[in-house]
Amino acid sequence: MPYEHQKIEQKWQKYWDENQTFATTDDTSKPKYYAMDMFPYPSGQGLHVGHPEGYTATDIMSRFKRANGFNVLHPMGWDAFGLPAEQYAMKTGHNPADFTSQNVDHFREQIKSLGLSYDWNREINTTDPAYYKWTQWIFEKLYEKGLAYESNMMVNWDPIDRVVLANEEVIDGKSERSGNKVERKALRQWVLKITAYADRLVDDLDDLDWPEAIKEQQRHWIGRSKGAAVFFNVADSNKKIEVYTTRPDTLFGASYMVLAPEHQLVDEIATEQQKQAISDYRAIISAKTDLERTDLNKDKTGVFTGAYGVNPINGEKLPIWIADYVLASYGTGAIMAVPAHDDRDFEFAQKFALEIKPVIAGGDVTKEPYTGDGLHINSDFLDGLDKSTAINTTIAWLETQESGHAQTNFRLRDWIFSRQRYWGEPIPVIHWEDGTTTLVPEKELPLLLPHATELRPSGSGESPLANLTDWLEITREDGVKGRRETNTMPQWAGSSWYFLRYIDPRNAEKIADLDKLKYWMNVDLYVGGAEHAVLHLLYARFWHKFLYDLGVVPTKEPFQKLVNQGMILGSNHEKMSKSKGNVVNPDDIVTAFGADTLRVYEMFMGPLTQNKPWSEEGITGSRRWLDRVWRLLIDDEGQVREAVSTYNSGDLDKIYHQTVKKVTEDLENMHFNTAISQMMVFINEAYKSEALPINYMTGFVQLLAPIAPHLAEELWVRLGNKASISYVTWPQYDQAQLVDDTVEIIFQVNGKVRGKATVARDLDKDSMIAAAKLDDNVQNFIAEKTIRKVIAIPGKFVNIVVG
RNA sequence: GCCGUUGUGGCGGAAUUGGCAGACGCGCUGGACUCAAAAUCCAGUGGUGGCAACACCGUGUGGGUUCGACUCCCACCGACGGCACCA
């Protein structure tokens, strides 16, 4: 009887469902393990083969931990708000909710066919009002704490369609959909003050078990830098310019100053004869896209304002320029330029023939800027000091003069939290005609997204919600009229706290019960793609810290261990895409080979974290191996083979215990590919053995169960055990079975292998050396040579050094 | 340019603390079974030379440390991901 994957997989999926095998309880007597996947956006395309990779990894860990006595929380849900549904709805005249719910059903069905051990009772959906009630609640708390505010921010604006576009909708400066040229436009936006958490977001990374690359990306994104604020008076004026510098020690080398073209003081200090040049320059700048201002333009441009600043340290007058290489959004939008020791200032100074004064010894600043360390020169009281001493000395001096102070800056900016979209969580705010703004009262949450079949752009830059007058307009008891906020939240909102809701998904009173949170948090394993390295993970960490400060959650960080699965590439080693015609559909694989084969193959392809190309031959190889496992134990009539019995010839003793050890350790470390290869070795050995001891066979089936659960359940029952295998205690290995009395040692001459011998495990050094010298081939290489040295390690090797 | 990851047979990939490079799988070759084929089972398979024993070469490139280097150090090259004038 052959291995019939379809029958077996359906049978066990039904069994798990009916028996609620994977329903999680809050049994706090057991240690807990919380394994979570990044929940998917349920797109119309359905699952691709990349999804099952990460899902299988967390599923293996979940099943492995269950067998090791852990109480496992392994949930799944849907990140179901998002742009594609809205675009599709606009095109077809449907409501995004209906379309999304069909997609969710399709995704759920596909995911269930993979045999993943989720607790489906905890399924969540970010578009469910019972869920987004709490997303709105968190927003209200942020607002109450002063961490949510309104501000005019620049957005991508399609002037013909009159809609706001997301960055990813803008391709080469044009709208992806309409092809219209996109402009920058200031619009009122809701903004979250993530910068208030910048220090903690950097510092707390240190304790997380995350890939170093991701931590580095977050550190860089936050971009904390330490330096000084320095105040420069403007000559012949009462104005002051504050600059930010990381090199206050080079203050004696400052030879000019630069303001960002948008800097507020520009108009106030510019002289009459420069005003025309300035406005011309600004016109050119505003026509440039961000890309042109950064990437494409390495050539420095700028205009003199006609004004001078006074260097607080020596009273020198410094010309004040405007230039777009100084960014309005970073620091104070103003710098002191030290061309001798900064690449950008050097380039600018050369172009406009500004003075270049060296203040640090080393390098030749007539040729290139010197940015290294060195002793200070031409710097009065700083002369002879090294960089860090000079920095501290200067800051101390500035503080006594009240001309500056130490200052920390961040690259991180506040988070633009609103979207001019329909398909998102409504922001629970009302703008009243008397000019006040209030939150929707907590007891009225959730503020429901009104049902709409015809989504049309409002034309004003507001979301389609602005068209829905019934919902939009509201009158207070005292007759004051109000208008609801038409902005909705970004897709990041619902995903910033979903890991909390899985813990207590139906709680109507709060996000989740604190005792349950105390038991389950943090997430022990979080697996997903590296494309979320910064934004999602940073936003989730920010919200979590905020909730921690509120006392809602008991931990400072949400995700203790993070793993990024690699991408599955097409068989041509390129990223899978429709246009390249290299897309593999997991449904086809499940039908033709089975979910277990897909799971084994995806885990066997290579390390979880690396990119790997799909291979048609590879998948058949994995299937072949599962067939081989089946045939080892089950004969043509569907009976357990006679060789499987309580008789143990001893052939498999060593390999069995080795396999238990290796598989256990590999699973613990998520080295699934080598765990599978060890199981293959075991099966190869078993095929050569006459006797198949029943306890070894059941032990093997247990090792296989996390990876190929349907097949393992089936074999487990056929071998005479009671269903199900999921909570049966993991097999143990016997250390004593792993060591042999004899061991093969190698003989080297000058580090090259020249012979081998099998000797007693505890053979002493001298006997090993003697044996080595007797070896024929070794003699060929040491004959007539002087032995300089002999290295011997018992149980391993002898190395004879001749010369 | 900067930060991070990575480079091993025809292919995917193995190799605790430096100690037999290439486990396992794919592919390929041969054998068994079969009228034949498929499937299956068994064996072989880094390159060069040799009937063989065995020798030489071999982990991106060039140096170095060491009795011994895929592994450690220095310099360089290529691929992938991220950031991009952040003062």
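To find a chain, count down the sequence lines: A is the first, B the second, and so on, and within it residues start at 1. The figures that follow rest on heavy atoms only: side chains count, while hydrogens, waters and symmetry mates do not. Predicted, not measured: the structure shown is a model, and the values here were computed from it.
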query: What distance, rounded to whole Å, do you find between the two C1' atoms, one in B:C28 and one in B:G46?
result: 14 Å
message: By the 4.0 Å heavy-atom rule, please label A:His671 as base, sugar-phosphate, or nothing.
response: nothing
- prompt: Between atom CD in A:Glu53 and atom P in B:G12, what is the gap in whole Å?
  reply: 16 Å
task: Please work out if A:Arg219 contacts a base, only the sugar-phosphate, or nothing of the nucleic acid, heavy-atom cut-off 4.0 Å.
output: nothing
Beyond-backbone contact of A:Trp614 with A:Met576, side-chain heavy atoms, under 4.5 angstrom: yes
message: Just the rounded figure in Å: distance from P of B:A23 to CD of A:Glu665.
response: 21 Å
- prompt: Atom CD of A:Gln217 to atom C1' of B:C80: distance rounded to whole Å?
  reply: 12 Å
query: Applying a 3.5 Å limit to both distances, which nucleotide forms a Watson-Crick or G-U wobble pair with B:G1?
result: B:C83
message: Taking any heavy-atom pair under 4.0 Å as a contact, classify A:Asn799: base, sugar-phosphate, or nothing.
response: base
query: With sugar-phosphate meaning primed atoms plus P, OP1 and OP2, does A:Asn780 contact a base, only sugar-phosphate, or nothing at under 4.0 Å between heavy atoms?
result: nothing
message: Need the pair for B:C72. Rule: Watson-Crick or G-U wobble, both distances under 3.5 Å, any strand; none if unpaired.
response: B:G64
query: Is A:Gly621 touching bases, backbone alone, or none of the nucleic acid, heavy atoms closer than 4.0 Å?
result: sugar-phosphate
- prompt: So, A:Phe604 versus A:Trp625, ring centres under 6.0 angstrom or not?
  reply: no
- prompt: Touch check for A:Arg788, heavy atoms < 4.0 angstrom, all strands: base, sugar-phosphate only, or nothing?
  reply: nothing
field: C1' spacing across the pair B:G58 / B:A69, given as an integer number of angstrom
entry: 14 Å
query: In whole Å, what separates the C1' atom of B:G9 from that of B:G44?
result: 15 Å
Rounded distance in Å between the C1' positions of B:G30 and B:A23: 23 Å
query: Of all the nucleotides listed (B:C67, B:C24, B:C42), which has the minimum atom distance to the side chain of A:Val801?
result: B:C67
query: For B:G9, does the glycosidic angle fall within 90° of 0 (syn) or outside that (anti)?
result: syn
task: Could you pull out the closest heavy-atom pair between A:Ala328 and A:Glu262, with the gap in Å?
output: CB-OE1, 3.7 Å
- request: Take the protein atom CG of A:Leu632 and the nucleotide atom P of B:C41, then report the distance between them rounded to whole Å.
  value: 10 Å
message: Please classify the nucleic acid contact of A:Asn611 as base, sugar-phosphate, or nothing, using heavy-atom distances under 4.0 Å.
response: sugar-phosphate
- prompt: Between B:G19, B:A87, B:C24, which one does the side chain of A:Ile793 approach most closely?
  reply: B:G19
task: Starting at atom CZ of A:Phe672, determine the distance to atom C1' of B:A14, rounded to an integer number of angstrom.
output: 17 Å
query: Relative to each other, are the rings of A:Tyr330 and A:Tyr244 parallel, tilted or perpendicular (30° and 60° limits)?
result: perpendicular
- prompt: On a whole-Å scale, what distance lies between the P atoms belonging to B:C67 and B:G60?
  reply: 24 Å
message: Looking at B:A36, which nucleotide sits across from it as a Watson-Crick or G-U wobble partner, both distances under 3.5 angstrom, or is there none?
response: none
- request: Looking at every strand, decide which applies to A:Pro211 at a 4.0 Å heavy-atom threshold: base, sugar-phosphate, or nothing.
  value: nothing
field: Trace of the side chain to side chain contact (heavy atoms under 4.5 Å, CB included) decision for A:Arg219 with A:Leu205
entry: CA-CA 8 Å; A:Arg219 287 190 191 105; A:Leu205 281 172; 3.6 Å; yes
task: Look through every strand shown and name the nucleotide pairing with B:C56 as Watson-Crick or G-U wobble, where both distances are under 3.5 Å.
output: B:G47
message: Need to verify one output field. Residue with the more 5' nearest nucleotide on RNA chain B, A:Ile791 or A:Thr620?
response: A:Thr620
query: Atom NZ of A:Lys215 and atom P of B:C83: how far apart are they, to the nearest Å?
result: 20 Å
task: Measure from the side-chain heavy atoms of A:Arg624 and tell me the nearest of B:A87, B:C26, B:C42.
output: B:C26
message: Distance alone, cut at 3.5 Å: any donor-acceptor contact between the side chains of A:Arg224 and A:Asn409?
response: no
- request: Report the distance from atom CD1 of A:Ile589 to atom OH of A:Tyr601, rounding to the nearest 0.5 Å.
  value: 9.5 Å
RNA chain B: 5'-proximal contact among A:Ile214 and A:Glu617 (nearest heavy atom): A:Ile214
- request: Determine the contact category for A:Thr245: base if any of its heavy atoms lies under 4.0 Å from a base atom, sugar-phosphate if only primed atoms, P, OP1 or OP2 are that close, otherwise nothing.
  value: sugar-phosphate
message: Any base atoms under 4.0 Å from A:Gln748, or only sugar-phosphate, or nothing? Heavy atoms, all strands.
response: base
- request: Report the distance from atom CG of A:Asn777 to atom P of B:A53, rounded to the nearest whole Å.
  value: 12 Å
query: Which is true for A:Ser622 with a 4.0 Å heavy-atom rule: it touches a base, it touches only sugar-phosphate, or it touches nothing?
result: nothing
task: Determine the contact category for A:Arg754: base if any of its heavy atoms lies under 4.0 Å from a base atom, sugar-phosphate if only primed atoms, P, OP1 or OP2 are that close, otherwise nothing.
output: sugar-phosphate
query: With a 4.0 Å cut-off on heavy atoms, is A:Asp343 in touch with a base, just the backbone sugar-phosphate, or nothing at all?
result: nothing
field: Interatomic distance at P, B:U34 relative to B:A52, whole Å
entry: 33 Å
- prompt: For the side chain of A:Lys756 and the base of B:C20, is some donor closer than 3.5 Å to an acceptor across the two?
  reply: yes
message: Taking donor-acceptor contacts at under 3.5 Å, does the side chain of A:Glu744 reach the base of B:C20?
response: yes
message: With rounding to the closest Å, how many angstrom separate the P atoms on B:A43 and B:U8?
response: 29 Å
- prompt: How would you label the contact of A:Phe346 with the nucleic acid (heavy atoms, under 4.0 Å): base, sugar-phosphate, or nothing?
  reply: nothing
statement: Rounded to whole Å, CG of A:Asp635 lies from P of B:U40 at a distance of 18 Å
message: Taking only the C1' atom of each, what is the distance from B:A14 to B:C20 in whole angstrom?
response: 15 Å
- prompt: Should the ring pair A:Trp321 and A:Phe348 be called parallel, tilted or perpendicular, given that the plane angle runs from 0 to 90° and is split at 30 and 60?
  reply: perpendicular
- request: Compute the centroid of each ring, for A:Phe700 and then for A:Tyr656, and state whether the two points are separated by less than 6.0 Å.
  value: no
